[in-house]
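First the structure, in the form of C-alpha cells, and then the observations on it.
Hydrogens, waters and symmetry mates play no part in the numbers below; they use all other heavy atoms, side chains included. In each ligand, atom 1 is the first atom listed, and ligand 1 is the first ligand listed.
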Amino acid sequence: MRKRVYVVYTGGTIGMIKGASGYAPSPGYLAARMAMMPELKDPMLPEYTINEYEPLLDSANMSPADWFKIANDIAAHYDEYDGFVVIHGTDTMAYTASALPFMLKPLSKPVIITGSQIPLCEVRNDAHENLITAMLIASQYPIPEVCLLFGGKLLRGCRSVKESATSFEAFSSPNFPVLGNVGIDININWRSVRSSKGDTQNLKVRELSELRVGVCRLYPGISSEFIENVLRPPLRGLVLEAYGVGNGPVRNKAFLDVLRKANERGVVMVNCTQCFRGGVDLTGYETGSALADVGVISGMDMTVEAALTKLFYLFSCGLTSEEIKKWTQINLRGELTPFSEHHSQEQKRDSFLN
Ligand code: ASP
C-alpha cells in the first residue's frame, strides 16, 4: 500500500512566479505543478493531500501565530498520514523548524520542512529535488522528529540555521551532526535520530502565547542605555548574543548594573555565542563569569533560533523565572548538547554542576 503524506504549503520561493515587482506566491500554481509531476505518481512516493494556506506567505512575514496554525494542522491530520511535509520560505525556515519541536509533543512521525532558493517555475532550480526528497523521506523513513531537508542534507530542525542567502546548500546544523545525507543513496544517521519515547498517540499542541522575549546582539560600543531600553518591561526574556564563549563588555559597570537589575526583576537572560560554531562557557573568562554573576545564564550550544523559541515555549508554559532558567539548560528536544557529552569541556563540567 502506498504511504500517505500530508503537505502543508505555507508559501516561500518554491511556488512563486515572477511578477512586475519580483517573485511572489501564486495560489494554485504549486499544486498544479505537482499534479503534473510523473515522479509523484511512482509507487515509491506517497499519495498526498496538499493544504495550501491563504494567504501564501513570504516567510519573512511569518509570526508565531503561523507556527500555531501549522502545528494545529499537523495535529488535526496526525492519525491519517504517515508523515508530513511543510513547504516554507527559506528566510525564517530555521525559526519554524526550531519552534515546532517545542510545540508538538509527543512526536512519533516525520515532519519535514523544505523549500527552495529558486522556484519550481525556473528551468534550473533546486525546488524539484528538495520537494521529491522531502516526500520520500516523510513517507519512507520513520524519523520521529521535526527536520529540515535542504540541499541534500537532512538536519534536526531545532539545530538548523540558514547559512547562505544564495547557495543551494543554504542550511546547516553547526553544532550537531546531519541526520541524513542525500546523494546517490539516502543515508540516515540513525544514531543521531531521537527515539520516539512513550506515548505515540495523542499528539498535543502547545501555543507559544508569551512572546515578550527578544534577541540582542552585543557589539563594541553598546551602551548601558541601549541595553536598558531593550530590557525595559514588559520584556520577560532575552537572548543575548555575546562574543566567543559568551563574553561581554563587563568593564562597563553601568552595563552590568542594568543586567543585574533586570535579573532581579525576573528577566531571564540567556547567553548564546555570536560564533557560527561552538557554545558558551561562562567559566572561561572574567568577561563571561561577570555576566554569570549578574544572573545571565548559559545558552550552551543552542542556536539563537532555538534559544528564542525555547524561551517562548517555557514562558508559555507559565513557569517561574527560576524554573525557566533551569529548563533552559536542560535538553528538551535535542536542541542542546548536555555538558556530559562535551568531551572537550569535560573538566569544566564540575564547575557547572557545583
Ligand atoms: N523570501 C523567501 C521566503 O522566505 C525566500 C525563500 O523562500 O527562499 O519566503
**OP:** Could you label the plane-to-plane angle of the Phe102 and Tyr313 rings as parallel, tilted or perpendicular, counting under 30° as parallel and over 60° as perpendicular?
**Re:** parallel

A cation-pi test, strictly: NZ or CZ of [X] under 6.0 Å from the centre of the six-membered ring of [Y] and no more than 45 degrees from its axis. Yes or no?
X	Y	answer
Arg206	Phe312	no
Lys69	Tyr53	yes
Arg236	Phe315	no

Contact check: [X] vs ligand 1, nitrogen or oxygen atoms, below 3.5 angstrom:
X	value
Thr90	yes
Thr92	no
Asp91	yes

Original post:
Excluding sequence neighbours, so at least two apart, what forms salt bridge (Lys or Arg N to Asp or Glu O under 4.0 Å) with Glu305?
Top reply: none

Distance-only check: which donor-acceptor pairs under 3.5 Å involve side-chain atoms of residues 14-31, not counting sequence neighbours?
| residue | atom | partner | partner atom | Å |
| --- | --- | --- | --- | --- |
| Tyr23 | OH | Glu122 | OE2 | 2.6 |
| Tyr29 | OH | Arg33 | NH1 | 2.8 |

What atoms of ligand 1 come within less than 4.0 Å of a heavy atom belonging to [X]?
X	result
Gly12	7 (O), 9 (O)
Thr13	2 (C), 5 (C), 6 (C), 7 (O), 8 (O)
Asp58	1 (N), 2 (C), 3 (C), 4 (O), 9 (O)
Gly89	3 (C), 4 (O), 7 (O), 9 (O)

Subject >> Stepwise side chain to side chain donor-acceptor pair (under 3.5 Å) test for Thr90 and Lys162 >> reply: CA-CA 8 Å; Thr90 60; Lys162 185 173 180 183; 2.9 Å; yes

Original post:
Which one of Gly22, Gly15, Ser59 has a non-hydrogen atom at the shortest distance from atom 9 (O) of ligand 1?
Top reply: Ser59

Original post:
Is the closest heavy atom of Ser116 to ligand 1 under 4.0 Å?
Top reply: yes

